[in-house]
Amino acid sequence: MNRRSTPTSLSPAARTADSFALAARRLEAQRPVRNARLRRIAADLAQGQVDIATAGLEEHLDRYPGDADAIHLMAHAYLRQGRRDEALSRFARCLELAPDFALARFDRAKLLFKLDRFQAALDDLDLLLLRDAGNPLFRQMKADILRIVGEDARSLALCEELVAENPARPQSWIAYGHALRTAGHREKAIAAYRRAIECRPCSGLAWWGLAGMRTVRFSAGDAGAMEEQLRRTDVPPDDRIALQFSLGKAFEDMQAYGQSYELYAQGNAALRLRLDDASPARLIARAAASKALFTPGFLSRGSAGCEAPDPIFIVGQPRSGSTLLEQILSSHSAVEGTAELPYIRTLARRLEERGDYPAVLATLEPAALKALGEEYLESAAAHRKLGRPFFIDKAPANFWHVGLIRLILPNAKIINARRNPAACLLSMFKLYFNMPRPRLTELGRSYRDYVALMAHFDSVAPGKVHRVIYETLVGDPQGETRRMLDHLGLPFEESCLRFYETKRTVLTSSSEQVRKPISGEAVDSWRSYEPWLGPLLKSLGSAFTSYPDVPEELR
């Protein structure tokens with residue numbers, strides 16, 4: 001049997017649906033664990049007995065330090081313990097000893113992907129594809145990474161091949177829909193998500209693929225189909241949550257705002273159960289620590305950072321108009337839009353491993369600050385395709401790291417996108433992503449911390465962060481665009497006002513909205529839900545009542 005053949009006992013639909021599973025089983029079978037003790041340890045690991053498995057592996061490796069199978073298992077034990085750097089080191093050692101260990105290389109590629117080391121992951125995938133060119137697991141991951149780094153055409157081509165080979169597999173249609181949407185092929189993306197729903201009617205990700213486009217309007221038939229799926233008792237939790245968010249969007253389309261809010265609330269409540277209760281408190285502590293550390297004198301150390309002026313950071317809260325700002329600026333001949341780059345976050349996480357962040361920054365020498373800035377630019381280079389002098393990093397949560405940015409990239413420009421907090425946080429509340437979610441009131445407190453932290457940087461580094469108020473931009477797009485360009489030291493170009501004509505990759509949930517002219521439709525849309533927003537507005541306090549001004553107690 002060649003690598004792309006399948007058992008003849010399966011129906012055509014089953015064969016295509018199972019090709020990924022068959023590839024996974026084939027990958028596992030290429031190097032079976034023959035040692036009985038290692039099989040027992042692997043079973044312990046699979047059952048969650050991580051400490052027992054780790055102890056057994058340590059003992060085994062003391063006697064057999066060159067056992068690649070044991071080192072592979074140890075990498076997985078480290079992953080279960082959250083020790084990702086150590087796991088990466090173990091995968092590397094395993095592949096030194098057994099370069100043809102395909103499963104270990106694929107596992108390393110997955111970890112590199114999670115660590116946002118995209119080129120390294122692609123390198124491993126290309127090695128795997130040299131030996132197994134038809135493997136759908138390798139090709140799908142490669143397509144996903146290529147989409148993230150802006151290689152739209154290559155990503156789309158792979159996804160087209162995979163749906164042709166796997167027409168009964170909903171995940172392939174969803175990935176194809178994502179690739180089409182990113183590249184701006186709206187109608188084809190809708191058709192791909194609809195095809196995924198035909199294959200698996202309870203697929204929450206397929207329904208959310210449609211709902212997340214925002215410009216799609218659900219019909220009463222769509223709402224009924226989702227309600228039918230939610231009445232089932234066998235729908236997996238992740239699908240159920242995504243269906244709740246999608247049905248919330250359907251009721252919103254029908255202006256049934258009470259029912260819509262209830263569905264959004266159900267989905268948010270399920271996600272809140274996955275959140276560590278200490279997380280909101282940690283963010284409060286981080287905001288206080290940042291204000292204490294980043295004084296004018298401390299920030300002056302930024303002169304030792306990397307002097308390159310290339311990056312333009314757009315920060316703020318999600319759903320604050322940041323994608324619109326990115327699209328406007330990316331329409332300028334000197335500026336390239338990239339994506340919500342993860343590399344500042346990656347640097348911050350690495351610093352956290354060395355000590356309390358951001359306090360650990362006080363221990364860094366000038367050469368270390370410069371090296372971090374250079375590392376950031378090297379990582380971001382993979383996303384720069386046009387050779388323009390400036391590029392945009394639009395990761396809203398980088399507002400937590402403005403101090404870090406100022407230290408390692410002192411000549412980078414920073415733009416803070418702000419939107420009415422009720423509209424901004426409600427929009428976040430309505431947005432599905434499979435991550436733990438704070439309560440609305442916790443989001444309100446977080447918004448206050450954000451306003452206070454940005455006000456602090458306005459005070460200690462005047463003029464270094466340019467603030468754009470979303471509602472002002474909607475009312476005076478030319479004036480606000482000119483002010484942004486002045487901050488960046490760039491001449492005005494008319495193309496920035498025709499941003500909706502710019503063809504480029506857009507990875508965020510606003511990808512369809514920014515391909516249309518500016519509209520004031522979203523400015524007051526939050527008021528449809530105002531009867532249910534009392535706790536949120538109370539938690540926001542003066543950050544809401546004083547908006548767009550910064551209240552005195554947050555300065």
Quiz item: When you look at Arg282 and Ser279, which way does the side chain to side chain donor-acceptor pair (under 3.5 Å) test go after all the steps?
Solution: CA-CA 5 Å; Arg282 281 196 293 267; Ser279 295; 3.0 Å; yes
Exercise. Quick one: list whatever passes side chain to side chain donor-acceptor pair (under 3.5 Å) with Asp124, sequence neighbours left out.
Key: Arg105, Arg108
Quiz item: Got a sec, which residues hit side chain to side chain donor-acceptor pair (under 3.5 Å) with Gln140, two or more places apart in sequence or on another chain?
Solution: Asp144
State which residues pass salt bridge (charged side-chain N to carboxylate O under 4.0 Å, His left out) with [X]; sequence neighbours excluded, sorted by chain then number.
X	value
Lys413	none
Asp449	Arg445
Arg345	Asp116

Self-check item: Arg169 NZ/CZ over Phe20 ring centroid, <6.0 Å and within 45° of normal
Solution: yes
Quiz item: When the ring centroid of Phe91 is compared with that of His76, is the distance short of 6.0 Å?
Solution: yes
Atom pairs and distances, side-chain donor-acceptor, residues 284-293, under 3.5 Å, sequence neighbours left out:
unit_1, atom_1, unit_2, atom_2, d
Arg286, NH2, Glu352, OE2, 2.1
Ser290, OG, Arg286, O, 3.0

Exercise. Applying side chain to side chain contact (heavy atoms under 4.5 Å, CB included), name anything that partners Pro237, two or more places apart in sequence or on another chain.
Key: Arg274
Self-check item: Pair Ser427-Arg319, side-chain donor/acceptor within less than 3.5 Å
Solution: yes
Self-check item: Between Asn166 and Tyr176, a side-chain donor and acceptor under 3.5 Å
Solution: no
Quiz item: Minimum heavy-atom separation for Ala206 to Ala196, with atom names?
Solution: CB-CB, 3.7 Å
Quiz item: More than 12 heavy atoms of other residues, nucleotides or ligands under 6.0 Å from CZ of Arg354: is that the case?
Solution: no
Exercise. Step through the shown structure and confirm whether more than 12 heavy atoms of other residues, nucleotides or ligands are within 6.0 Å of NZ on Lys110.
Key: yes
Among residues at least two apart in sequence or on other chains, which ones pass ring-ring contact (aromatic ring centres under 6.0 Å, His included) with [X]?
X	answer
Tyr264	none
His401	Tyr357
Phe391	none
Phe390	none

Quiz item: CG/Leu443 to CG/Leu425 distance, rounded to the nearest 0.5 angstrom?
Solution: 5.5 Å
Self-check item: Nearest-0.5 Å distance, OH of residue Tyr376 to CD1 of residue Ile408
Solution: 8.5 Å
Exercise. Taking only Lys NZ, Arg NE, NH1 and NH2, and the carboxylate oxygens of Asp or Glu, determine whether Lys385 and Glu336 approach each other closer than 4.0 Å.
Key: no
Practice problem: Please determine which of Gln229, Arg200, Arg232 meets the side chain to side chain donor-acceptor pair (under 3.5 Å) test together with Asp239. | Solution: Arg200
Tell me which donor-acceptor pairs under 3.5 Å the side chains of residues 39-53 have, and how far apart each pair is, sequence neighbours excluded?
unit_1, atom_1, unit_2, atom_2, d
Arg39, NH1, Val33, O, 3.2
Arg39, NH1, Arg34, O, 2.8

